[in-house]
Each structure stands twice: as C-alpha cells, then as structure tokens.
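Every number for a ligand or one of its atoms is a count from 1 in the order of the listing.
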Amino acid sequence: MSRGIEIKNLSFAYDGQSILDGIDLSIERGAIVTMLGPNGCGKTTLLKTLNGLLRPKGGEVIVDGRAIDRMSPPEIARMMGHVPQGHRSSFPFTVLDIVLTGRLPHISTFSAPGERDEEVAKESLDLVGAGHLTQRPYTQISGGERQMVMIARALAQEPQFLLLDEPTSYLDFKNQIGVLKTVRKIADREGVTVIMTLHDPNHALAFSDHVVLLRKLDGKKPDGNGDGSHPHRANVVAFGPPFDVMTPMNIQEAYGMEVELVEHNGRRILLPL
Ligand SMILES: Nc1ncnc2c1ncn2[C@@H]1O[C@H](COP(=O)(O)OP(=O)(O)OP(=O)(O)O)[C@@H](O)[C@H]1O
Ligand SMILES: [Mg+2]
C-alpha cells in the first residue's frame with residue numbers, strides 16, 4: 001500500500017464548469033512535487049482536493065493508503081499542513097500565537113497549549129529562520145516574513161504532508177531561494193512530503209524531485225477510440241523528474257510560449273524567447 005498520495009482519475013468542476021479532468025498522479029513519500037502551469041489552470045483547486053477542502057466531482061485521492069473523503073477534518077489536519085495562496089490576517093496576535101494555532105489539531109478541546117506545544121512552535125520558527133520574529137505582532141511584519149511564519153505554522157502541525165500554494169510569492173530574490181532551500185531541508189531532514197505550486201520554471205527545475213506541468217482544460221474530451229492503455233490527461237502535460245518535464249516543447253504546450261533551454265555547469269535554465 002502506498003504511503004504517499006495517489007490521485008486517481010480526478011475531476012473537478014465549479015458550478016458545472018469543468019476545471020480538472022483525468023488527473024492521475026502518484027506522489028512518493030518524502031518527495032518535493034511542484035505543480036506548475038498558467039494562471040487559472042487549476043493548481044490551487046487541485047491542492048485543495050488533496051486535503052479534502054474541495055470535494056472532487058469524480059475519482060479519488062488516497063493519502064497514506066486511505067481515501068481522503070473517509071477522513072475527518074481533525075484527522076486530515078494532523079496529517080497535512082496547508083499554506084494557502086496569499087494568506088492575510090488582520091488580528092494583532094504575536095507571531096508565536098499564530099504559529100501555536102498550528103498545534104490545535106494536537107490539543108484536546110478543553111486544554112490550552114502546553115510547554116511541548118510552545119517548544120514545537122519555536123522550533124518550527126527556527127527551522128524557517130524566523131526565530132527572531134517570535135514576539136512581533138503578525139500585522140507588523142513584512143509579506144515575506146508572513147510567508148515564513150505561515151510555513152512555520154504548518155510545520156508546527158508536525159504534518160507528514162505539506163501543501164504550499166505559491167510559497168515564494170511576495171518574496172525578494174534572495175528570500176525566494178531561502179524558502180525553497182528551507183522546503184528542501186524540511187523534506188530531507190524531517191521526511192515531509194511537500195506538494196507546492198510555483199510560477200518560476202527555473203525554481204521548479206532546481207528544487208523539485210517531480211514536476212506536474214498543467215495546462216488549462218481545453219474542453220475537448222478524449223477521442224474515445226482508445227483501449228484505455230493511455231490514461232487521458234486533459235490537464236497534465238507531463239509528470240516526472242524536472243529535466244524530463246521542463247522541456248521547451250512541454251512549456252509550449254502548457255503556456256503557448258516559446259522558451260530556450262540553456263545548460264550551464266550541469267544546471268538547466270529556461271529563457272523566454
Ligand atoms: N470558488 C470558485 N468558484 C468558481 N470558479 C472558481 C472558484 N475558484 C476558482 N475558480 C476558477 O477555477 C479556475 C482554476 O482556479 P485556480 O485558483 O485553481 O487556478 P490556479 O491554477 O491556482 O491559478 P493561479 O496561478 O492564478 O493561482 C479559474 O478559472 C478560476 O476562475
Ligand atoms: Mg492558485
């Protein structure tokens with residue numbers, strides 16, 4: 001039985017409008033998987049079906065051998081941390097209080113956070129390099145610092161799976177790389193499986209074990225004369241190791257734009273033409 005995430009023939013629609021169709025993915029335990037694709041292709045939607053926030057129209061999501069729709073929200077929260085896209089909070093809590101809310105799935109209904117909860121919260125802040133922000137009001141830190149704090153909050157859940165929706169948005173050039181290196185550390189050291197969305201193909205190339213390259217659903221159904229041996233991948237252009245997926249041809253198919261692949265010291269960079 002797989003201990004990662006299996007997505008089987010998943011489809012999703014908002015108000016009858018199909019967004020995702022024919023998605024088959026197998027995510028290995030401990031890997032970093034990056035989802036990449038044009039605005040509106042359904043990355044956030046797909047991420048939200050993985051932790052049960054959205055219910056698929058068809059197909060299933062199996063996490064650690066169990067169907068996600070058979071798990072309760074607290075069970076899911078003990079297993080999966082989620083940092084949504086563009087998180088904002090207007091409550092003037094301290095950074096530590098915000099990170100402590102990540103401990104809620106582990107705290108029984110009638111108790112307050114204990115010493116161990118505070119320890120885990122502080123360790124999580126240290127792990128993302130935000131230990132110095134502990135006592136600052138969350139409303140008075142920068143967008144990039146908030147991003148780090150939200151990742152620390154998800155880590156304080158001690159999740160096996162971490163879902164990050166655009167973890168590098170709002171970050172400066174250096175901090176984008178800082179966050180991605182932290183994500184790598186979390187996956188390598190803590191054995192956490194990370195599924196994240198990114199917009200920079202070069203970040204996807206450099207920091208992923210596997211890449212899912214998505215495109216917008218074109219509305220066309222499979223031709224119907226197949227024998228079932230080729231899975232229909234309406235959204236998924238390619239899935240696999242970054243060097244195999246991030247080719248100019250696949251990028252062209254996903255975004256409809258031309259790019260050139262440059263190799264330098266064993267690293268690959270995609271440049272728009
Ligand atoms: N609550 C909603 N109700 C109706 N349509 C929605 C809803 N949320 C998203 N959509 C639509 O579903 C499609 C996919 O949205 P989604 O947010 O998953 O895209 P995305 O790939 O994450 O895009 P981005 O890169 O801009 O974050 C878009 O066309 C969007 O307009
Ligand atoms: Mg999104």
Side-chain angles (χ1 to χ4, degrees), residues 5 7-25 27 32-61 63 68-69 73 76 80-89 143-144 146-148 150-151 153-154 161-171 175-176 179-180 183 194-208 210-221 232-239 242 245-246 250-257 259 270 272:
I5 300 182
I7 302 163
K8 294 185 181 167
N9 196 22
L10 185 113
S11 58
F12 184 88
Y14 286 112
D15 312 318
Q17 169 81 36
S18 277
I19 304 293
L20 301 172
D21 193 23
I23 302 212
D24 283 295
L25 299 171
I27 295 173
I32 297 181
V33 178
T34 300
M35 296 182 190
L36 200 85
N39 290 131
C41 72
K43 301 176 296 296
T44 296
T45 304
L46 180 53
L47 215 53
K48 285 181 176 171
T49 62
L50 300 189
N51 68 350
L53 275 181
L54 292 175
R55 217 188 148 80
K57 186 176 85 174
E60 54 182 353
V61 175
V63 179
I68 199 81
D69 58 3
I76 296 171
M80 292 184 146
H82 177 211
V83 179
Q85 186 172 7
H87 176 86
R88 286 277 179 277
S89 169
R146 277 204 291 270
Q147 192 68 267
M148 299 291 200
M150 291 321 288
I151 294 174
R153 178 183 179 275
F161 301 91
L162 192 55
L163 311 181
L164 305 173
D165 203 351
E166 297 192 23
T168 54
S169 54
Y170 310 112
L171 299 185
N175 277 338
Q176 291 183 17
V179 162
L180 292 170
V183 167
V194 180
I195 300 139
M196 63 180 169
T197 69
L198 293 177
H199 276 305
D200 188 327
N202 293 315
H203 288 167
L205 264 170
F207 289 97
S208 327
H210 289 97
V211 176
V212 186
L213 185 62
L214 299 161
R215 68 180 152 211
K216 270 192 182 172
L217 206 59
D218 57 13
K220 278 183 248 153
K221 279 281 165 198
H232 167 52
R233 287 180 166 179
N235 294 93
V236 179
V237 172
F239 172 52
V245 171
M246 302 300 288
N250 286 341
I251 296 284
Q252 168 72 37
E253 201 173 330
Y255 294 92
M257 84 182 275
V259 296
L270 286 163

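Contacts with ligand 1 closer than 4.0 Å are made by side-chain heavy atoms of I19 only, the backbone lying farther away.
Taking every heavy atom of E166 and a limit of under 4.0 angstrom, the matching atoms of ligand 1 come to 25 (O), 27 (O).
Of the protein's heavy atoms, N39 ND2, 3.6 Å lies nearest to atom 24 (P) of ligand 1. Annotation: atom 17 (O) of ligand 1 to nearest protein heavy atom, T44 CB, 3.6 Å. At the top of the distance list for atom 25 (O) of ligand 1, counting protein heavy atoms only, stands K43 NZ, 2.7 Å. Protein heavy atom closest to atom 23 (O) of ligand 1, with residue, atom name and distance, is G40 N, 2.8 Å. Considering only non-hydrogen protein atoms, atom 6 (C) of ligand 1 sits nearest to Y14 CD1, 3.3 Å. Scanning the protein heavy atoms around atom 27 (O) of ligand 1, the nearest turns out to be Q85 NE2, 2.9 Å. When hydrogens are left out, the protein atom nearest atom 16 (P) of ligand 1 is T45 OG1, 3.6 Å; that is the closest non-hydrogen contact.
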Query - Full working for side chain to side chain contact (heavy atoms under 4.5 Å, CB included) between I5 and M80 - result: CA-CA 11 Å; I5 300 182; M80 292 184 146; 3.8 Å; yes
Requested in this report: Mind running side chain to side chain contact (heavy atoms under 4.5 Å, CB included) on N39 and H199 for me, showing each step along the way?
Outcome: CA-CA 9 Å; N39 290 131; H199 276 305; 3.6 Å; yes
**Report entry** Candidate pair E253 and L213, rule side chain to side chain contact (heavy atoms under 4.5 Å, CB included), full reasoning
**Finding:** CA-CA 10 Å; E253 201 173 330; L213 185 62; over 6 Å; no
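Among the atoms of T197, no N, O or S atom is found under 2.8 Å from the Mg ion (ligand 2). Contact annotation: N39 places no N, O or S atom under 2.8 Å from the Mg ion (ligand 2).
The shortest N or O to N or O distance between G37 and ligand 1 is not under 3.5 Å. Taking only nitrogen or oxygen atoms, main chain and side chain alike, D15 does not reach within less than 3.5 Å of ligand 1.
Note on ligand 1: K48 sits outside its first shell, no heavy atom being nearer than 4.0 Å. Within the structure, ligand 1 lacks Q17 among the residues with a heavy atom less than 4.0 angstrom away.
With hydrogens and angles left out, the side-chain atoms of D21 and S11 include no donor and acceptor closer than 3.5 Å.
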